[in-house]
Amino acid sequence: MAEVATDQLQVWVDQDLCTGDGLCVQYAPEVFEFDIDGLAYVKGPDGELLQAPGSRVDVPEHLRLEVIDSAKECPGECIHVVRGSDGVAVAGPDAQD
């Protein structure tokens, strides 16, 4: 787990699996937001919703735990957190526990 502390993390949401539960928006409103379709999307550094499927954003360092927790707690298992350096999943449905 040590490498996670120094690697840049990226996050994306699979809207096909999103249940609209909103845990992610509660955990990290700087990163996640609902669109009018009731699904969660990631936001770019400028606050703009990225609606293209598979859009990734860098996880701000001060929100790493919140984003990882949102991926772990998400009922739809639709939040993917990966290492930016090699794309290895660190949280979400593809992560190796």
Side-chain angles (χ1 to χ4, degrees):
M1 190 77 169
E3 66 274 0
V4 172
T6 55
D7 267 341
Q8 177 62 54
L9 300 182
Q10 295 181 324
V11 62
W12 63 281
V13 176
D14 183 344
Q15 282 78 29
D16 290 338
L17 299 175
C18 181
T19 60
D21 189 85
L23 281 175
C24 60
V25 176
Q26 292 175 12
Y27 274 115
E30 290 177 54
V31 177
F32 304 103
E33 187 173 308
F34 283 128
D35 197 10
I36 56 172
D37 60 9
L39 302 177
Y41 292 83
V42 292
K43 297 193 291 188
D46 57 1
E48 182 180 347
L49 281 187
L50 302 180
Q51 296 172 303
S55 293
R56 293 181 178 192
V57 295
D58 290 337
V59 176
E61 194 156 327
H62 67 284
L63 291 174
R64 285 172 178 259
L65 290 177
E66 288 84 349
V67 170
I68 288 171
D69 284 347
S70 67
K72 289 180 177 177
E73 302 294 327
C74 176
E77 297 189 342
C78 67
I79 300 170
H80 300 262
V81 182
V82 298
R83 283 198 309 243
S85 59
D86 57 12
V88 170
V90 296
D94 298 330
Q96 304 297 316
D97 288 331

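Side chains are part of it too, since the values below use all heavy atoms of this structure and drop only hydrogens, waters and symmetry mates.
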Can you give each donor-acceptor pair under 3.5 Å made by side-chain atoms of residues 41-59, sequence neighbours left out, with the distance rounded to 0.1 Å?
unit_1 : atom_1 : unit_2 : atom_2 : d
Tyr41  : OH     : Asp37  : OD2    : 2.6
Lys43  : NZ     : Pro29  : O      : 2.8
Lys43  : NZ     : Glu33  : OE1    : 3.1
Asp46  : OD1    : Glu48  : N      : 3.0
Gln51  : NE2    : Asp35  : OD2    : 2.2
Ser55  : OG     : Ala52  : O      : 2.7
Asp58  : OD1    : Gln10  : NE2    : 3.2

For the student: nearest non-hydrogen atoms of [X] and [Y], plus distance:
X	Y	result
Ala28	Val67	CB-CG2, 4.1 Å
Phe32	Cys24	CD1-O, 3.3 Å
Pro75	Thr19	CG-OG1, 4.0 Å
Ala71	Ala91	CB-CB, 3.9 Å

**Request:** Nearest 0.5 Å please: distance from the OG atom of Ser85 over to the CD atom of Gln8.
**Result:**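 Ser85 OG to Gln8 CD: 9.5 Å, rounded to 0.5 Å.
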**Request:** Quick one: pull up CG in Leu39 and CG in Asp21 and give me the separation to the nearest 0.5 Å.
**Result:**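 The distance works out to 12.0 Å.
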**Prompt:** If you group Ile, Leu, Val, Met, Phe, Trp and Tyr by side-chain heavy-atom gaps below 4.5 Å, do Leu17 and Leu23 land in one group?
**Reply:**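 No; Leu23 is not reachable from Leu17 via cluster members.
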**Message:** I want to check something: taking the side chain as every heavy atom from C-beta on, are Gln15 and Cys78 in contact at a cut-off of under 4.5 Å?
**Reply:**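 Counting from C-beta outward, Gln15 and Cys78 never come under 4.5 Å.
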**Message:** Between Ile68 and Leu9, is there a side-chain heavy-atom distance shorter than 4.5 Å?
**Reply:**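 In short, these two side chains touch, coming nearer than 4.5 Å.
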**Request:** Would you check, one step at a time, whether the test side chain to side chain contact (heavy atoms under 4.5 Å, CB included) holds for Leu63 with Tyr27?
**Result:** CA-CA 9 Å; Leu63 291 174; Tyr27 274 115; over 6 Å; no
**Item:** Candidate pair Val11 and Val31, rule side chain to side chain contact (heavy atoms under 4.5 Å, CB included), full reasoning
**Value:** CA-CA 9 Å; Val11 62; Val31 177; 3.8 Å; yes
**Request:** Quick one: do Asp69 and Glu66 satisfy side chain to side chain contact (heavy atoms under 4.5 Å, CB included)? Show the steps, please.
**Result:** CA-CA 5 Å; Asp69 284 347; Glu66 288 84 349; 5.8 Å; no
